[in-house]
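Notes follow once the structure below has been shown.
Residue numbering restarts at 1 for every chain, and letters A, B, ... go by the order of the sequence lines.
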There are 2 protein chains.
Amino acid sequence: MSVTLKEVAALAGVSRSAVSRTFTEGASVSPKTRSKVEKAAAELGYSPNALASSLTTGRTKLIGLISNNFHNPIFLEVFDQFTRALQERGLRPLIVNLTDETEPTNSVRMLRQYSVDAAIVASSTLPPSFAKAFHDAGVPVVHTFGRSATSPEVHVVGIDNVECGRMAARELSSRGYRRIGYLGGPKDATSAMDRYRGFMEEVEKHPELEVTHCFAGAYSFEAGREEMLQQLAEGPAEGYFCGDDILSIGALSALSDHGLKPGKDIGIIGLNDMEMSRWESVDLTTIHQPIKQIITASVDLVEEMLKDPERYPEARIFPCRVIERGTLRPRP
Amino acid sequence: MSVTLKEVAALAGVSRSAVSRTFTEGASVSPKTRSKVEKAAAELGYSPNALASSLTTGRTKLIGLISNNFHNPIFLEVFDQFTRALQERGLRPLIVNLTDETEPTNSVRMLRQYSVDAAIVASSTLPPSFAKAFHDAGVPVVHTFGRSATSPEVHVVGIDNVECGRMAARELSSRGYRRIGYLGGPKDATSAMDRYRGFMEEVEKHPELEVTHCFAGAYSFEAGREEMLQQLAEGPAEGYFCGDDILSIGALSALSDHGLKPGKDIGIIGLNDMEMSRWESVDLTTIHQPIKQIITASVDLVEEMLKDPERYPEARIFPCRVIERGTLRPRP
DNA sequence: CACAGCCTTGCAACCGATTGCAAACCCAAC
DNA sequence: GTTGGGTTTGCAATCGGTTGCAAGGCTGTG
């Protein structure tokens with residue numbers, strides 16, 4: 001079927017080693033044989049089998065990319081960035097879609113079978129233990145959007161979710177909202193809990209605030225919408241921190257059902273600043289998460305782990321900031 | 001580093017072949033040795049190296065998944081479905097993000113280096129020649145969302161875009177729109193051209209119709225919005241067929257800028273029926289494309305090609321239908 | 001012209017598996 | 001106790017590469 005080293009060697013009239021060496025960076029080949037080999041290779045349309053060579057080199061350049069967020073539009077941006085960043089560095093993304101699985105066993109086994117050089121867990125919902133399982137199985141791993149910690153067990157890149165919770169509460173309070181609410185992601189998502197904690201922490205400092213909270217079933221439009229409908233039925237707060245832009249957009253849809261104007265009748269602040277939030281019809285005030293930098297940093301870390309697998313685990317936490325648009329009332 | 005066949009064999013006190021055979025379906029091993037091997041394997045945490053075995057079996061179970069649509073939210077649904085469907089059958093998606101590349105050379109070479117068993121080109125914009133390049137390089141390929149043809153050069157799964165164009169024109173005309181427009185995707189996208197052709201074909205049959213057309217720079221919100229703003233500036237038609245839901249949503253945003261109500265002041269019909277189109281705030285009348293079936297059929301074809309690589313190229317074209325929501329005026 | 005020293009080259013072992021083949025084994029029937 | 005059948009097993013070659021090592025080639029110097 002496909003052309004092999006041996007055939008090229010035969011055609012070029014050199015040994016297999018010679019061929020191998022012309023295709024490996026920094027190996028010693030004379031210009032003469034190199035050109036002979038290149039000519040033969042071109043003639044046969046040869047390109048080296050990456051998997052065969054991985055056997056001896058121990059490097060596949062395959063990177064497992066594991067996620068469970070295939071319903072949040074922000075993840076299209078995330079995948080775009082990740083695949084680009086990996087490709088630019090000659091790495092190949094092997095995707096694992098977790099669907100409903102929250103146990104790492106299967107993905108770990110599978111990625112080990114394919115000898116990935118490293119794995120990236122891209123999820124704000126999975127616990128640190130999930131990523132740790134890869135580390136324990138000898139697969140270098142970085143947990144992107146993972147729970148931040150001062151001394152993490154594996155590399156973590158993302159934001160300080162607790163701080164984002166505080167930031168949202170401060171923002172609501174500073175705009176004069178008194179009865180405020182947290183509409184978070186699923187209760188078992190680390191990001192939902194961390195944002196909740198920060199939100200509540202800040203609320204404690206302001207005795208004048210009244211607070212409610214609820215958790216959506218997923219980070220999805222439908223879940224956000226449903227939860228907000230519920231709130232409206234029970235008597236809503238004046239301003240909400242929705243734990244994600246997609247939840248916010250669902251919530252906005254619920255408001256519009258009831259003829260309520262966001263920013264006027266009820267305040268909404270989201271988190272992520274995804275492309276859609278900028279759409280005029282959405283115009284969502286939100287906490288910007290620097291996705292691009294987070295992803296670049298994640299891939300940087302992957303590369304560094306490839307050089308030094310024993311690298312001490314590190315957390316790279318990026319600051320967030322409020323992007324003011326139209327869904328919160330103006331500051332007094 | 002990782003445990004190998006040899007070590008398991010040593011611990012179990014059997015030959016390497018025995019170990020190999022206990023891990024391959026349908027090989028002949030006695031229950032006794034099998035259990036010895038399984039015990040040893042469990043003890044060492046062994047799992048076979050898929051890449052090493054691919055060397056001899058010639059099968060990697062890797063499937064290249066190539067796309068250039070990382071800005072259309074529908075593709076999150078597409079990736080979700082594809083990765084699930086592949087995983088369910090024990091196949092592993094290796095992603096290629098084409099960014100701005102329209103030449104297949106690089107992706108073909110890369111996927112050959114990784115010995116993928118097959119490739120899926122998931123794009124409604126790339127020409128048949130793109131997919132053909134994989135076929136010519138000996139990589140079995142199916143072109144999902146590709147241009148349909150009665151005798152395609154490679155497997156094609158998708159819809160009849162020309163017919164969709166006709167359908168849209170019929171739909172507009174049947175609702176009494178007289179001055180109608182086509183707002184298509186990029187001029188170099190096969191789907192944009194095919195839909196255009198069908199649209200025009202149908203228009204020809206109705207002498208009472210007046211028609212305009214334009215092509216957006218990309219299948220994206222921004223591009224759709226911009227193109228519609230342009231139309232509004234130049235004096236718009238009464239009803240538009242936007243060649244994709246995301247273009248429609250961009251167009252809707254432009255309408256709202258001008259205080260125009262879709263379905264009342266101007267009609268819009270999209271194509272895809274993506275999740276977002278069902279949102280109450282969008283409520284887009286659109287032509288439903290059966291994504292899930294298309295993807296299942298694509299992966300079916302991949303599997304069949306794995307069995308019989310010489311399989312004669314086939315087109316699987318799925319019917320579409322109009323989903324009535326709120327952006328077209330009611331039928332008279 | 002001889003020789004030292006570096007560059008280039010091929011040999012052969014190896015990476016982690018699979019598999020055709022023949023030997024060894026088991027069990028049953030005669 | 002043989003013989004015959006089918007199973008199970010291990011040997012060794014193979015898949016497509018890489019790489020340490022030693023031999024061979026080249027250069028330049030004395």
Yes or no on side chain to side chain donor-acceptor pair (under 3.5 Å) for B:T60 and B:S54, after CA distance, side-chain angles and deciding distance?
CA-CA 5 Å; B:T60 55; B:S54 84; over 6 Å; no

Could you go through the side chain to side chain donor-acceptor pair (under 3.5 Å) check for A:N161 and A:S191 one step at a time?
CA-CA 6 Å; A:N161 284 305; A:S191 59; 5.3 Å; no

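The distance from atom OH of B:Y114 to atom C1' of D:dG17 is 14 Å, rounded to the nearest whole Å. In this structure, the NZ atom of A:K6 is 9 Å from the C1' atom of D:dG16, given to the nearest Å. Summarising the geometry, the separation between CZ on A:R112 and P on C:dG16 is reported as 13 Å, rounded to the nearest angstrom. Summarising the geometry, the separation between NZ on A:K61 and C1' on D:dG17 is reported as 16 Å, rounded to the nearest angstrom. If you measure from atom CG of B:L55 to atom P of D:dT18, you get 12 Å, rounded to the nearest angstrom. Rounded to an integer number of Å, the gap from CZ of B:R59 to P of D:dC15 is 17 Å. Per the geometry, CD belonging to B:Q113 stands 11 Å off P belonging to D:dT18, to the nearest Å.
Note on A:S20: a base of the nucleic acid sits closer than 4.0 angstrom, heavy atoms only. A:T24 comes within 4.0 angstrom of the backbone, heavy atoms only, and of no base.
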With the criterion being N/O to N/O and under 3.5 Å, what pairs connect the protein with nucleotides 7-10 of chain C, and how long is each?
unit_1: C:dT8; atom_1: O3'; unit_2: A:S30; atom_2: OG; d: 3.4
unit_1: C:dT9; atom_1: OP1; unit_2: A:S30; atom_2: OG; d: 2.8
unit_1: C:dT9; atom_1: OP1; unit_2: A:T33; atom_2: OG1; d: 3.2
unit_1: C:dT9; atom_1: OP2; unit_2: A:S30; atom_2: N; d: 3.0
unit_1: C:dT9; atom_1: OP2; unit_2: A:S30; atom_2: OG; d: 3.3
unit_1: C:dT9; atom_1: OP2; unit_2: A:T33; atom_2: OG1; d: 2.8
unit_1: C:dG10; atom_1: OP2; unit_2: A:S15; atom_2: N; d: 3.0
unit_1: C:dG10; atom_1: OP2; unit_2: A:S15; atom_2: OG; d: 3.0
unit_1: C:dG10; atom_1: N7; unit_2: A:R21; atom_2: NH2; d: 2.8
unit_1: C:dG10; atom_1: O6; unit_2: A:R21; atom_2: NH2; d: 2.8

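Each end of the helix from C:dC1-D:dG30 to C:dC25-D:dG6 gets its own rotation axis from five pairs of C1' atoms, and the angle between them is 40° to the nearest 10 degrees.
Of the possible donor and acceptor atoms, one in the side chain of B:T190 sits under 3.5 Å from a partner among the backbone N and O of B:S124.
Contacts between residues 40-48 of chain A and DNA chain C, defined by a heavy-atom separation under 4.0 Å, are absent.
By the 30° and 60° cut-offs, the orientation of the rings of B:F134 relative to B:F130 is tilted.
Taking 4.0 Å as the cut-off between side-chain N and carboxylate O, A:R316 and A:E314 count as a salt-bridged pair.
When distances are taken from the side chain of B:N49 to each of D:dC15, D:dT18, C:dG16, the shortest belongs to C:dG16.
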